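For clarity, every value in this text was computed on a predicted model and none was experimentally measured.
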Amino acid sequence: MKHLKCYLPFLTLMLAACGGFAGDPPTTPPPISAAKPVADTKEVAVITTTEGVIVVEFWTDAAPKTIANFKKLAKSGFYDGTCFHRVIKGFMIQGGDPLTKDPAAESRWGSGDPGYKIDAEFNDHPHVRGVISMARSNDPNSAGSQFFICHGDPSFLDHKYTTFGKMIKGDDVLEKIATTSTHPPDRPDKRMGIVSIKIVPASSVN
């Protein structure tokens with residue numbers, strides 16, 4: 001026992017150098033995995049028209065249900081092949097009516113919808129040039145698919161119509177459509193077609 005006591009300090013040092021006693025947790029920390037990149041969740045609407053492309057960003061803080069409805073319709077191809085059926089220079093350009101896919105139904109343009117209505121989400125974003133807002137009838141909760149993009153600054157619509165985004169690209173296209181010649185009731189003489197509306201990541205748009 002006397003000789004064993006002499007070797008105990010030496011054995012302890014050897015075990016520590018070899019990684020500790022059996023059953024001890026490892027002293028080397030586990031490797032740290034690289035952080036995963038955060039996915040880009042911000043989306044924009046790319047409105048391809050016969051006059052060029054308009055890009056709209058959404059105000060998610062203002063009208064989430066309206067935006068969700070617009071995105072759903074766009075992703076289903078609902079808007080593809082429609083047109084801007086109502087154009088008033090200095091005021092707005094209006095589209096989104098599925099009836100405008102049929103030129104023979106011009107007398108009914110402006111009355112179409114997706115077969116349902118959505119509630120209004122009035123907010124503090126004003127109606128100024130480039131802002132996109134939902135069209136409706138006299139009932140505040142009667143919007144469906146039709147929308148308009150402001151060409152002027154119609155502040156009298158504030159808190160009465162649901163604004164939900166703003167144009168970030170294509171002001172020249174807005175100008176072309178808004179200033180085209182028209183005939184009653186505010187119909188463009190030349191068809192201002194909406195080829196498609198695509199919902200894409202904001203990072204994919206230059």
Salt bridge (charged side-chain N to carboxylate O under 4.0 Å, His left out) between Arg108 and Asp102, intermediate numbers included: CA-CA 10 Å; Arg108 298 171 57 209; Asp102 181 7; over 6 Å; no
Side-chain touch [X]/[Y], heavy atoms, less than 4.5 angstrom:
| X | Y | value |
| --- | --- | --- |
| Phe84 | Thr49 | yes |
| Asp186 | Gln94 | no |
| Val53 | Val46 | yes |
| Met192 | Thr180 | yes |
| Val131 | Pro126 | no |
| Asp61 | His125 | yes |

Arg86/Asp97 under side chain to side chain contact (heavy atoms under 4.5 Å, CB included): CA gap, chis, key distance, verdict: CA-CA 10 Å; Arg86 186 176 178 223; Asp97 182 349; over 6 Å; no
Please answer: with hydrophobic residues joined when any side-chain heavy atoms are less than 4.5 Å apart, are [X] and [Y] in the same cluster?
| X | Y | value |
| --- | --- | --- |
| Phe78 | Met134 | yes |
| Leu157 | Ile93 | no |
| Met92 | Leu174 | no |

Ring centres under 6.0 angstrom apart (Phe70, Tyr79):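 So the answer is yes for these two rings.
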In Å, rounded to the nearest 0.5 Å, how long is the span from [atom1] of [X] to [atom2] of [Y]?
| X | Y | atom1 | atom2 | value |
| --- | --- | --- | --- | --- |
| Thr82 | Gln146 | OG1 | CD | 9.5 Å |
| Thr100 | Arg187 | OG1 | CZ | 9.5 Å |
| His127 | Ile132 | NE2 | CD1 | 10.5 Å |
| Lys190 | Cys83 | NZ | SG | 12.5 Å |
| Asp113 | Arg136 | CG | CZ | 15.0 Å |
| Lys160 | Phe122 | NZ | CZ | 10.0 Å |

Intermediate values then yes/no, side chain to side chain contact (heavy atoms under 4.5 Å, CB included), Val56 and Ile168: CA-CA 6 Å; Val56 171; Ile168 58 174; over 6 Å; no
Test side-chain contact (heavy atoms from CB on, under 4.5 Å) applied to Thr48 and Ile197, Ile194, Val173, Val195, the passing residue: Val195
For [X] and [Y], work out which heavy atoms get closest and say how close.
| X | Y | answer |
| --- | --- | --- |
| Thr50 | Arg191 | OG1-O, 3.7 Å |
| Met167 | Ile54 | CG-CG2, 3.8 Å |
| Arg129 | Asp153 | N-OD1, 2.9 Å |
| Thr162 | Ser133 | O-OG, 3.0 Å |
| Pro188 | His85 | CD-O, 3.7 Å |
| Asn69 | Ile118 | ND2-CD1, 3.9 Å |

Side chain to side chain contact (heavy atoms under 4.5 Å, CB included) between Thr66 and Phe147, intermediate numbers included: CA-CA 11 Å; Thr66 299; Phe147 62 90; over 6 Å; no
Sidechain-backbone polar pair: Trp59 side chain, Lys166 backbone, donor-acceptor under 3.5 Å: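 Not a single qualifying donor-acceptor pair exists.
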Test item: Ser142 side-chain N/O and Ser137 main-chain N/O as donor-acceptor pair under 3.5 Å: yes
Evaluation steps, salt bridge (charged side-chain N to carboxylate O under 4.0 Å, His left out), between Glu175 and Lys89: CA-CA 9 Å; Glu175 186 68 16; Lys89 179 182 178 181; over 6 Å; no
Distance-only polar pair, side chains of Thr182 and Asp189, donor-acceptor under 3.5 Å: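 No donor-acceptor contact under 3.5 Å links the two side chains.
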Under 3.5 Å side-chain donor-acceptor pair for Asp80 and Ser196: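 Absent: no donor and acceptor within the cut-off.
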Got a sec: does the [atom1] of [X] have more than 12 other heavy atoms crowding it under 6.0 Å?
| X | atom1 | value |
| --- | --- | --- |
| Lys71 | NZ | yes |
| Lys65 | NZ | no |
| Asp124 | CG | no |
| Lys169 | NZ | no |

Side chain to side chain contact (heavy atoms under 4.5 Å, CB included) evaluation trace for Asp158 with Phe156: CA-CA 6 Å; Asp158 293 352; Phe156 60 91; over 6 Å; no
Phe148 and Tyr161 aromatic ring geometry - parallel, tilted or perpendicular at 30°/60° bounds: perpendicular
